[in-house]
Structures are given as structure tokens and as C-alpha cells.
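Right, one structure below, let's go through it.
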2 protein chains.
Amino acid sequence: MRPTVHDIADKAGVSLATVDRVLNDRPGVRSVTRARVEAAIAALGYVRDVAAANLAKSRVYPLVFILPEGDNPFMRGLEAEVRHAGLHSAAERTRLSVATVPAFDAAALAKAIDAAIAEDVSGIAAVAVDAPEVSAAIARAHEADIPVATLVSDLAGSGRDHFVGVDNIAAGRTAGSLMGRFLGGRPGPVAVLAGSMRVRDHGERLEGFLAAMSAMPEARAILPVLEGQDDPELSFSLIADCLANVPDLAGIYSLGAGNRGLLAALAERGRSDLCVIVHELTGETRAALESGVVDAVLNQDAGHEVRSAIRVLRAKADGLPVNAAQERIRLDIFIKDNLPAGPDEEN
Amino acid sequence: MRPTVHDIADKAGVSLATVDRVLNDRPGVRSVTRARVEAAIAALGYVRDVAAANLAKSRVYPLVFILPEGDNPFMRGLEAEVRHAGLHSAAERTRLSVATVPAFDAAALAKAIDAAIAEDVSGIAAVAVDAPEVSAAIARAHEADIPVATLVSDLAGSGRDHFVGVDNIAAGRTAGSLMGRFLGGRPGPVAVLAGSMRVRDHGERLEGFLAAMSAMPEARAILPVLEGQDDPELSFSLIADCLANVPDLAGIYSLGAGNRGLLAALAERGRSDLCVIVHELTGETRAALESGVVDAVLNQDAGHEVRSAIRVLRAKADGLPVNAAQERIRLDIFIKDNLPAGPDEEN
DNA sequence: CTGTTAGCGCTTTCAC
DNA sequence: GTGAAAGCGCTAACAG
């Protein structure tokens with residue numbers, strides 16, 4: 001059997017309480033005693049049973065996820081993952097809740113963060129908007145000793161404790177690289193559809209994409225970025241116009257969440273010879289991939305992100321270290337052939 | 001606070017023991033009583049605290065992983081993941097061990113399975129070799145009521161309880177699809193390097209690859225499969241010969257673990273214009289991807305597989321259902337640009 | 001058939 | 001500074 005606190009207490013000739021104090025690094029133990037206990041711990045090769053510890057603590061950790069509202073399928077997927085995790089979270093003594101705010105709305109986001117602070121939650125995960133109000137709100141959370149993790153879109157320099165999401169520059173590079181290879185020698189310019197340059201992930205993806213495209217053997221024109229605000233109608237008309245005005249268009253990179261409008265415009269125009277690369281695997285993009293309208297989908301696994309955010313916030317709340325390498329979210333490439341069978345999965 | 005067994009007992013007017021019997025579906029409860037308890041459970045929306053249950057049971061689940069020995073980096077990676085999981089497994093009351101057997105050796109594998117049965121482990125995960133001895137050993141495990149999961153390479157029809165691994169036909173298709181797109185109109189035949197047709201995953205990958213290649217717009221010759229036994233030297237000489245004899249070779253698909261030999265032969269020959277697609281992200285293949293020698297790496301996440309195998313075996317040992325969709329292992333595509341930063345990661 | 005009681009490994013008052 | 005004892009939510013003997 002694995003050694004327990006009792007074994008340590010016996011071996012060190014102290015009581016359980018003292019062992020616990022040493023284990024949890026609490027004050028009120030003479031350094032000699034502490035040393036004796038630590039020796040016993042080392043000698044026995046003790047490892048704490050976290051489950052039992054949590055049970056005894058019976059502390060709950062209320063965490064709040066702040067997500068953009070609206071019909072952005074990726075965000076709704078994230079929300080679903082939070083709710084799903086909520087079912088299992090009981091065992092982890094975590095209570096999850098979701099707050100939604102208008103997309104790209106810095107003031108609303110800041111307000112939601114303040115509300116969470118007021119509720120004295122033990123952690124906040126939020127899809128950041130790049131604005132000073134938001135940074136200020138995060139700073140207030142920090143002051144209230146509430147850990148904050150940015151989700152999907154980062155806000156470095158805001159003092160957030162952790163970023164949960166993919167390397168968006170690398171994501172853009174990946175898109176550019178695939179686009180270049182898939183197009184090969186085929187001529188024609190490429191269009192880019194973004195949501196808004198006010199979220200950092202979109203800007204970073206663009207940056208990576210341009211870098212990769214310009215590194216390709218064949219030079220290729222990139223049209224000015226179309227900002228569709230992740231809005232289906234606006235995205236639709238921007239792409240429709242582009243298709244009409246640029247007959248020799250070779251490809252489209254959709255780096256935001258305007259896929260519904262994009263796909264509608266493509267369907268209307270009936271152009272299937274384009275190389276199309278989009279982000280986020282949703283019901284729509286999956287169908288488009290299967291039908292051949294889209295050539296590749298770059299994805300960040302919402303389930304992984306949610307679980308990572310929970311682990312990180314809990315660790316921060318407990319003052320435990322985070323294994324950054326372990327919490328890295330990777331970028332998935334999907335083509336028609338490696339689509340996972342189910343609409344959802346978890347590992 | 002969440003309802004507990006005590007609340008149920010109160011509400012139903014019975015004792016804890018009876019609640020426990022109902023909860024765990026044990027005999028010895030009148031159906032009227034059972035119904036009353038079940039009503040209370042439903043009314044309170046009770047969900048069991050698994051951690052507490054495990055603590056109380058203090059039962060341990062010894063699981064054994066049987067892996068091919070040798071310097072196959074993917075297999076060593078799997079082994080490392082098992083050991084890594086072993087550290088955290090304590091909390092899950094699981095004790096993990098690894099047994100290694102010669103690669104592609106059906107008799108040795110069967111013997112290892114029998115040894116595990118003799119030790120009365122509560123679950124076995126093994127990389128299957130396609131042979132009747134192995135099927136027979138799995139059948140004996142089944143008879144001893146020990147769940148068996150095949151890992152990486154399946155053995156359907158053997159009565160194994162579960163397969164943990166990717167859809168290898170889809171993996172081959174993905175390789176073919178990428179190979180076709182990356183080559184575009186470039187002429188020349190493609191070579192395939194396998195380990196052995198005695199493991200099902202290799203056969204299935206080949207099948208998928210051939211199907212995808214033949215579905216490409218440009219017809220392309222596929223050379224006869226080279227079987228390198230996942231041996232560096234043999235793989236090296238097979239590829240070296242091929243490079244020498246087929247000057248217009250356009251690409252190579254390495255569907256087994258012969259990558260070290262393949263890469264050595266490519267380095268010696270100095271051919272970097274080939275389209276090379278390999279399986280499994282290891283230190284070697286990662287370096288080759290970064291240097292541009294390899295164009296894409298198809299990967300199955302060893303960490304996910306190990307954790308999935310553990311969950312599945314534990315569930316089977318407890319007679320609990322497995323959510324198949326949740327345990328699906330997906331096929332990762334890596335190109336230079338979306339390589340994860342660390343050598344290892346976990347989600 | 002049902003209830004009582006004593007833990008699982010750890011934390012936490014509250015005395016000493 | 002240190003220790004004794006109660007209890008987290010659940011399970012498992014053993015009585016009745």
C-alpha cells in the first residue's frame with residue numbers, strides 16, 4: 001500500500017496535524033520538526049492523494065467563462081463544452097458558469113469581468129477583446145486575487161495569468177503553407193476574410209498567413225483583407241462582391257468566424273475550383289469539407305481548451321504551478337479524409 | 001451543497017446501506033424500497049461523488065500494457081506515456097505496468113497475455129499481432145473475465161473488448177490525399193515503405209493509401225510495397241535501392257516505423273525534392289519535418305491513447321459502459337507550421 | 001431484507 | 001507549537 005499521512009506521522013513521531021501543516025506549507029511548525037517530517041516524507045516516497053484531499057477540503061471553486069454571444073458556432077461549441085464539463089466538474093469540486101457578452105464589445109466584457117469579481121469567483125476565463133478597458137478589468141481581478149485566463153484570443157500585457165488557445169501566428173502560417181502547396185503553380189490572387197482586427201487572434205493569423213504566402217516559391221497577390229465582423233450577412237456580401245470582381249481568384253482564407261456567409265456566397269456562385277481554408281470545425285465547415293467546397297479546416301479543440309482552462313484556473317486558485325508545456329493547445333488540421341467520425345469527441 | 005447519500009437516506013426514510021445497495025445496483029432490496037430510494041435520488045438530482053467512492057473502495061486496478069520491444073520510437077513514446085500516467089494514476093487507484101515482447105512475435109505476445117492473466121490483473125492493453133495464437137490468448141483473458149483492449153493495431157474478431165487507436169484506413173487515405181495534392185501535376189511514381197503486413201494497421205493504411213491515390217485526378221504509379229520489418233538497416237537498404245533504381249521517384253509514404261532507415265537513406269542520397277509522408281511524430285520525424293525532408297507527419301497521440309486505454313479498461317473492469325464516441329482517437333496531421341512547440345504535450 | 005458502524009486519506013477546528 | 005478528534009461522501013463488514 002502507498003504511504004499515507006499516518007505513516008509519515010508515525011515515522012516522524014508527530015501528529016497528523018503537524019504532518020498536514022508541513023505538507024501544505026502552513027506556519028506554526030518549528031523548523032526542526034518540519035525537517036523531521038520532510039525527511040519522513042522523502043524516505044517513504046509519499047505522494048498526496050489529491051482526491052482525498054479535495055474531499056476533506058470540501059471547498060468548491062466557482063469558475064466563470066465569459067464568451068461572446070451570438071450565433072458564432074465555435075463560441076457556442078465552447079459554451080457547450082463548458083456545460084458538458086460542468087457535469088463532470090462536481091467530482092473536481094468545481095462549479096462552472098457561463099456569461100455571454102456582445103462580441104467585440106470591450107465595455108461589456110469589462111463589465112462582465114467586474115461582475116465576476118463582485119461575485120468573488122475563484123477564477124475567470126474570458127475571450128479577450130484588445131482594449132484598455134478590458135486590461136483594466138483584468139488588473140482589478142488580479143488585485144482581488146482572482147486568476148484570469150484569456151481564452152482563444154489573448155491579451156498579453158494585460159496581466160492575465162495564462163492564455164488558453166493556439167499560437168495564432170503559427171495557425172496563419174499553417175494556412176498559408178497549405179494554401180501555397182494546394183494551389184501549386186495555379187495562378188490567381190488569394191482573398192482573406194477576417195472578423196475584426198480588434199481581436200488579437202485575427203490579426204495574428206493574418207500576419208502568419210502573409211508570412212507563409214510570401215515565403216512560397218511562386219509569388220502570389222493577396223487582396224486587401226475583408227473584415228466581416230463575423231457577421232453572416234456582411235461576410236456574404238463581401239465575399240460575393242469579391243467573387244464577382246475577381247474572376248481569376250484562386251483561393252480564400254477565412255480566418256475568423258464568417259464561415260456561414262462565406263459558404264453561402266460560394267454556394268450561390270457555384271465556384272468549387274477555389275482553394276478554401278477556414279478555421280474551426282463546426283457542423284457547417286464539416287459539411288463543406290465533406291462536400292469538397294472547403295479544402296482544409298484548421299481547428300482548436302474547444303473541449304481541450306475548456307478543460308485546460310479549468311485545470312489552470314484551479315491550479316492558480318490553489319497557488320499551484322502550471323505545467324505550461326502540458327497546457328499547450330495544439331492546432332488541428334482537418335481534411336476530408338481525417339475528419340473524426342462523430343461531431344464531438346474528447347480525449 | 002450537492003445532495004449526498006445521507007440526504008437520499010433521509011428523504012427515502014432508509015439507511016445509508018440501502019441507499020448504497022440501490023446506487024450500486026446490488027441485490028437484497030425489496031423493489032418497493034428500491035423504488036422509493038430511486039425516487040429520492042431523482043427528486044434530489046443526486047450525482048455520485050466518484051472520488052469519494054473510490055476512496056472508500058480503496059480498491060486498486062492493476063493494468064498491464066504489453067508493447068513491442070526494440071527501438072521503435074513510437075512504441076518507446078507509448079511506454080513513456082504509460083509511465084507518466086502511472087504517476088498520476090495513484091489518485092485513480094490504478095496501478096500501471098509495462099511488459100515488452102519482441103515485435104511481430106505472436107507467440108511471445110500470447111505468452112505475455114497469459115502471464116498477465118496468471119497475475120490476475122484487472123485489464124490488459126496490447127499492441128496486437130494478427131495471429132491465431134494471439135486471438136486464443138485474448139479469448140483466455142476473456143474467459144478469466146479480464147478485459148482486453150487492443151492498442152494501435154487492432155485484432156477485430158478476437159473478442160477484444162475495445163480498440164484504442166486510429167482508423168488506419170482513413171489514415172492511409174489521408175496520406176494518399178495529401179501526397180496527391182502536394183505532388184499536384186508533378187510526374188513520377190510513389191514508393192511505399194511498410195513494416196510488416198502481419199500487423200493489421202500497416203495493411204489497412206496501405207489499403208487506404210492506394211484508394212486515395214487512385215482517386216486522384218492524375219494517375220500515378222505506386223511501386224510494390226517494401227517491407228522493412230520496422231528495422232532501420234533493412235529499411236535503409238530497401239529505400240537506398242529504390243532511390244538508386246527509380247530516378248524519377250516523386251514521393252515516399254512510410255506507413256510503419258522504418259523512419260530512421262528511410263531518413264538515413266534520404267540523407268545519404270541528398271534528395272530533398274521528394275514528397276515524403278511518414279507516420280508518428282518522434283524526435284526524428286519532427287526534425288525531418290522541420291528541416292523540410294519530410295512534408296507531413298501523420299500522428300496518433302500516444303498520451304491520448306494511453307489515457308483512453310486506462311479509462312476504458314477501468315470502465316470494463318467495473319462493468320461500466322464506454323462512450324465509444326468519446327474514446328475515438330483522432331489522426332493528427334502535422335506539417336512544419338503546426339508542430340507543437342514541446343516534444344510532448346497533453347490535453 | 002435492512003440498519004449500524006467503522007473506516008478510506010486528508011483537512012480542520014479547537015484544545016493543550 | 002503541537003495534538004486529538006471529528007468529518008468530507010461513500011463503501012463494506014457485520015448484525016439484526
Side-chain angles (χ1 to χ4, degrees), chain A residues 1-38 40-41 44-61 88-95 317-320, chain B residues 1-38 40-41 44-61 88-95 317-320:
Chain A
M1 228 30 222
R2 244 172 68 201
T4 74
V5 278
H6 291 95
D7 301 324
I8 301 175
D10 286 356
K11 179 126 190 168
V14 297
S15 75
L16 285 186
T18 300
V19 173
D20 188 67
R21 289 186 187 103
V22 173
L23 241 30
N24 293 292
D25 211 48
R26 272 189 283 265
V29 187
R30 264 188 314 169
S31 49
V32 235
T33 321
R34 181 176 294 273
R36 207 141 42 93
V37 174
E38 270 160 357
I41 292 174
L44 295 171
Y46 170 83
V47 278
R48 171 212 245 89
D49 182 329
V50 202
N54 281 332
L55 176 59
K57 280 206 269 270
S58 73
R59 177 183 164 187
V60 291
Y61 299 77
H88 265 265
S89 71
E92 269 81 50
R93 322 229 122 251
T94 303
R95 204 184 317 284
D318 280 339
L320 299 174
Chain B
M1 225 31 220
R2 245 171 66 200
T4 74
V5 277
H6 290 94
D7 301 323
I8 300 175
D10 286 356
K11 179 125 189 166
V14 297
S15 75
L16 284 186
T18 301
V19 173
D20 188 67
R21 288 184 188 105
V22 174
L23 241 30
N24 293 291
D25 212 51
R26 273 189 282 263
V29 187
R30 261 188 315 167
S31 48
V32 234
T33 321
R34 181 175 293 273
R36 208 141 39 93
V37 174
E38 270 161 357
I41 293 174
L44 295 171
Y46 170 84
V47 280
R48 172 211 246 91
D49 183 329
V50 202
N54 282 332
L55 176 59
K57 280 206 270 268
S58 74
R59 179 186 162 183
V60 291
Y61 298 76
H88 264 265
S89 71
E92 268 81 50
R93 323 227 122 250
T94 303
R95 203 184 319 283
D318 280 338
L320 298 175

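Just so we're on the same page: letters track the sequence lines, and every chain starts at 1.
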To the side chain of [X], which of [options] is closest?
| X | options | result |
| --- | --- | --- |
| A/R26 | D/dA12, C/dG9, C/dT12 | C/dT12 |
| A/R30 | C/dC10, C/dT11, D/dG1 | D/dG1 |
| A/S15 | C/dG3, D/dG3, D/dC10 | D/dG3 |

Between [X] and [N], is there a side-chain N or O to OP1/OP2 distance below 4.0 Å?
| X | N | answer |
| --- | --- | --- |
| A/R48 | C/dT11 | yes |
| A/N54 | C/dC10 | no |
| B/T33 | C/dT2 | yes |
| A/T18 | D/dG3 | yes |

Residue closer to the 5' end of DNA chain D, A/V29 versus B/A53 (nearest nucleotide): A/V29

Using whole Å, report how far [atom1] of [X] lies from [atom2] of [N].
| X | N | atom1 | atom2 | value |
| --- | --- | --- | --- | --- |
| A/D25 | C/dT11 | CG | P | 12 Å |
| A/L16 | C/dT11 | CG | P | 10 Å |
| B/I41 | D/dG9 | CD1 | P | 16 Å |
| B/D10 | C/dG3 | CG | C1' | 14 Å |
| A/H6 | D/dA4 | NE2 | C1' | 11 Å |
| B/L55 | D/dA12 | CG | P | 12 Å |

Residue closer to the 5' end of DNA chain C, B/G28 versus B/S58 (nearest nucleotide): B/G28

Does the pair A/R2/A/D7 count as a salt bridge with the N-to-O cut at 4.0 Å? no

Should the side chain of A/R21 and the base of D/dG3 be counted as holding a donor-acceptor pair, with the cut-off at 3.5 Å? yes

Scan B/R59 against the nucleic acid and name what it touches under 4.0 Å (heavy atoms): base, sugar-phosphate only, or nothing. nothing

Quick one: label B/V19 by what it contacts on the DNA or RNA (base, sugar-phosphate, nothing), any heavy atom closer than 4.0 Å. nothing

Over-ring placement of B/R59 relative to B/Y61, 6.0 Å and 45° cut-offs: yes

